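Okay, so here's the structure we're looking at.
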There are 2 protein chains.
Amino acid sequence: MFIYICKILLDNMGVSERKAKEKEELKSLILKAAQKLFLEKGIEQTSIRKIANEIEYSPGTVYFYYKDKNDILYDIHSQGFRKLSHELKVLFNVSDPMERIIALGRVYLNFAIENPDLYDLMFNMKAPMDFLNSIHQQDWNEGIGTFDVLKTTINQCMEKGYFKGHELEALSFSVWSLVHGIASLNISQRIRGVNLKEPEMMVMKSYEEFIMLLYKGKKIY
Amino acid sequence: MFIYICKILLDNMGVSERKAKEKEELKSLILKAAQKLFLEKGIEQTSIRKIANEIEYSPGTVYFYYKDKNDILYDIHSQGFRKLSHELKVLFNVSDPMERIIALGRVYLNFAIENPDLYDLMFNMKAPMDFLNSIHQQDWNEGIGTFDVLKTTINQCMEKGYFKGHELEALSFSVWSLVHGIASLNISQRIRGVNLKEPEMMVMKSYEEFIMLLYKGKKIY
DNA sequence: ATTTGTAAATGAACAATGTTCATTTACATT
DNA sequence: AATGTAAATGAACATTGTTCATTTACAAAT
C-alpha cells in the first residue's frame with residue numbers, strides 16, 4: 001500500500017515535472033523567437049502574431065506563457081542585462097579602480113553601440129518598467145545590480161583618495177548619466193543631425209573628454 | 001481692358017491669399033489639438049482619429065495638411081524647441097560664461113522635468129528624425145541651434161582659460177550628454193527603480209557633482 | 001443664372017496591432 | 001472507456017495609421 005502510494009506520487013512528480021519542463025521549454029521558445037524578431041527586424045516588427053507565427057503556434061498560446069507584450073519585452077530586457085553584466089565581469093581583472101571605472105564606461109558604450117535596440121529597451125523604453133509596475137514590483141533589480149558595480153568601483157576610487165568632496169551615490173549617477181546620455185543621443189540619431197565634424201568618432205571622443213575631467217579630480221599628493 | 005485684368009488679378013490674389021490663410025489656420029488648429037492631446041493624455045492617446053475628432057473634422061482631412069503622423073510629431077517637436085530656446089534666451093544676461101553654462105544645464109534639466117513627454121519627443125523618439133529622413137533633410141536644425149548655444153558658451157569659457165587641453169566640440173557634446181542622460185534616466189523611470197536614498201533629489205544632486213568636476217578644470221592663476 | 005473646374009472634406013475600407021475568450025484538443029488518471 | 005484538467009486554438013473586438021474614390025463647396029467663366 002505504502003509502496004503503491006509512493007509509486008503514484010513519484011509518477012505524479014515525474015509527469016508534472018516533465019510538464020513543467022515542457023512548459024518552460026515552450027516559454028523559452030517564445031522568448032527566443034521574440035529575441036530573433038527583435039534583433040533582426042526591430043521592435044515594430046515584433047508583434048505577438050509574428051512571434052506566434054515564427055514558432056508555429058497560435059497568437060492566443062503566447063498569452064498562456066506571458067501576461068502580455070510588456071512581459072515578453074521585460075524578459076528580453078533581462079536577457080540583455082545578463083549579456084551586459086557578463087561583458088562587465090571581465091573587468092574584475094583590472095585592479096586599479098580608476099582604470100576599471102574608465103574601462104567600465106568603454107565596455108558600456110560599446111555594448112550600447114553594438115546592441116542599439118536592446119540598449120534602448122533596457123534603458124529607455126517604458127515597457128519593462130510598465131511591466132514591473134503591473135506586477136507591483138517596485139525594485140528594478142537588473143538596474144540596481146549594474147549600478148552597484150559602478151558604485152562599488154567609484155567607492156574604491158574614493159578610498160584611494162580620488163574625488164575628494166564628492167558624494168558617492170550622486171557622483172556614480174553622474175557617471176552613469178554621462179555614458180547613458182552619449183549612448184542615447186547616438187541611438188536616437190541626435191548625433192548625426194547636429195552637424196559635427198566627425199560624428200562617428202563623437203561617442204568615444206566625448207567620453208575621453210569626460211575622463212579628462214574625472215582625472216582632474218584625482219588625489220594630489 | 002487693362003484695368004479689368006488687374007481687377008481679376010487683384011481679386012485672385014485676395015481670394016488665394018485668404019484661402020492660404022484659412023489653410024494655415026486649419027493646419028495650426030490641427031497642431032493645437034495634437035499638442036493638447038499629447039500634453040494632456042500622452043503619446044499613446046494621440047491618434048489621428050482623436051485629433052480629427054477634437055477639431056470635429058474627419059480623419060482624412062488631417063492628411064490634407066500633414067503628410068503623416070511623423071509630420072505632426074515633428075511639428076510638435078519644433079514647437080518644443082521654440083519653447084526651450086525661449087527659456088534659454090533669458091541666460092544671455094549672465095555675463096560670466098562659466099556661470100552661464102551651469103545655468104544653461106539647470107534650465108535644460110528643469111525643462112525636461114516640467115515637460116517630460118515633450119522632452120522625450122524632442123530628444124529620444126524616432127518620429128522627428130524619421131520625418132526629416134523622409135523629406136531628405138539631413139540637418140536637424142532645431143538640435144543644431146540649441147547645441148550651438150552650448151558650444152558658444154563653452155568656447156567663451158575656454159577663451160577665459162577654462163578647460164585647458166580640451167576639445168571644444170567633444171567637450172560640449174559631453175556636457176550635453178550628461179544633462180541629457182540625467183533627464184532621460186529620470187523620464188524613463190530608471191531613477192525610481194534603482195533604490196536611491198533620495199531619488200527625487202538625484203537629478204539636481206548629480207548635476208552638482210558634475211559641476212564640481214567642471215570647476216576642477218578651471219584656470220589656475 | 002448656369003455651367004465648369006478645382007480645392008477641400010468625407011468616411012468607408014484595408015491591413016495590422018494587442019488582447020480576450022468560448023471552444024476544442026490532448027492526454028494522464030481513474 | 002470515461003473523466004477531468006491543462007494546453008492550444010482561432011475567431012472576435014477595439015484600436016491604430018493610412019489611402020482613396022466620392023462628394024461637397026465655391027470661385028470663375030460663360
Side-chain angles (χ1 to χ4, degrees), chain A residues 4-27 29-30 33-34 37-38 41-74 125-127 130-131 134, chain B residues 4-27 29-30 33-34 37-38 41-74 125-127 130-131 134:
Chain A
Y4 179 67
I5 291 172
C6 280
K7 189 176 177 298
I8 291 170
L9 286 172
L10 282 170
D11 273 359
N12 256 322
M13 289 270 280
V15 166
S16 53
E17 263 174 26
R18 183 171 54 82
K19 284 239 169 184
K21 209 171 194 175
E22 277 173 9
K23 197 165 177 181
E24 273 305 308
E25 270 168 17
L26 185 44
K27 182 163 186 175
L29 201 67
I30 294 171
L37 289 172
F38 184 84
K41 317 269 182 183
I43 181 82
E44 72 274 7
Q45 290 294 321
T46 310
S47 69
I48 265 92
R49 272 178 187 79
K50 282 177 184 160
I51 294 168
N53 218 46
E54 184 78 19
I55 57 171
E56 291 179 300
Y57 276 83
S58 72
T61 304
V62 175
Y63 284 87
F64 201 84
Y65 295 88
Y66 284 100
K67 186 176 167 291
D68 53 19
K69 201 185 179 183
N70 285 345
D71 195 353
I72 301 174
L73 289 174
Y74 179 81
M125 288 182 56
K126 302 212 180 287
D130 285 350
F131 174 71
S134 78
Chain B
Y4 179 67
I5 290 171
C6 281
K7 190 176 176 296
I8 289 169
L9 286 172
L10 282 168
D11 272 1
N12 255 323
M13 290 272 279
V15 166
S16 53
E17 263 174 25
R18 182 171 55 82
K19 284 241 168 183
K21 208 171 194 174
E22 276 174 9
K23 198 165 175 179
E24 274 305 307
E25 270 168 17
L26 185 45
K27 181 163 186 176
L29 201 66
I30 293 171
L37 288 172
F38 184 84
K41 319 268 182 183
I43 183 80
E44 71 274 8
Q45 290 295 321
T46 310
S47 70
I48 265 91
R49 273 176 187 79
K50 281 176 185 161
I51 294 169
N53 217 46
E54 183 79 19
I55 57 172
E56 290 178 301
Y57 276 82
S58 72
T61 304
V62 175
Y63 284 88
F64 201 84
Y65 295 88
Y66 284 100
K67 185 177 168 290
D68 53 20
K69 200 185 178 183
N70 284 345
D71 194 353
I72 301 175
L73 290 174
Y74 179 81
M125 289 182 56
K126 302 212 180 287
D130 286 349
F131 174 71
S134 78

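First the proteins, then the strands, lettered A, B, ... as listed; each starts at 1. What you see is a predicted model; the values in this text were computed from it and never measured.
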Q: Output all residues satisfying side-chain contact (heavy atoms from CB on, under 4.5 Å) with A:S134, sequence neighbours left out; order by chain, then residue number.
A: A:K67, A:F131
**Q.** Short side-chain N/O contact from B:S47 to OP1 or OP2 of D:dT16, under 4.0 Å
**A.** yes
Q: Please report the C-alpha distance between A:T46 and A:L73 in whole Å, then the side-chain angles of each, then the deciding distance to 0.1 Å, and finally whether the side chain to side chain contact (heavy atoms under 4.5 Å, CB included) criterion is met.
A: CA-CA 10 Å; A:T46 310; A:L73 289 174; 5.7 Å; no
Q: Calculate the interatomic distance between A:E56 atom CD and D:dA7 atom P; express it in whole Å.
A: 21 Å
(Q) So if I take every side-chain heavy atom of B:P59 and compare against C:dG11, D:dT9, C:dG18, which nucleotide ends up nearest? (A) C:dG11
Q.
Five pairs per end, C1' atoms only: what is the angle between the end axes of the helix from C:dA1-D:dT30 to C:dT30-D:dA1, to 10 degrees?
A. 30°
(Q) With a 3.5 Å distance limit and no angle check, can you tell me whether A:K69 reaches the backbone of A:A127 through a side-chain donor-acceptor pair? (A) no
Q. So does B:K50 get a side-chain nitrogen or oxygen closer than 4.0 Å to the phosphate oxygens (OP1/OP2) of D:dT16?
A. yes
Q. Considering only heavy atoms, which members of residues 61-73 of chain B lie under 4.0 Å from some atom of DNA chain D?
A. B:Y63, B:D68, B:K69
Q) For A:Y66, which residues count as a side-chain hydrogen bond (donor to acceptor under 3.5 Å, both in side chains) partner, sequence neighbours excluded? A) A:D75
Q | Separation of atom CD1 in A:I43 from atom C1' in C:dT17, rounded to whole Å | A | 13 Å
Which donor-acceptor pairs under 3.5 Å do side chains of residues 47-56 of chain B form with protein atoms, sequence neighbours excluded?
unit_1: B:S47; atom_1: OG; unit_2: B:K50; atom_2: N; d: 3.2
unit_1: B:K50; atom_1: NZ; unit_2: B:Q45; atom_2: OE1; d: 2.6
unit_1: B:E54; atom_1: OE2; unit_2: B:K36; atom_2: NZ; d: 2.6

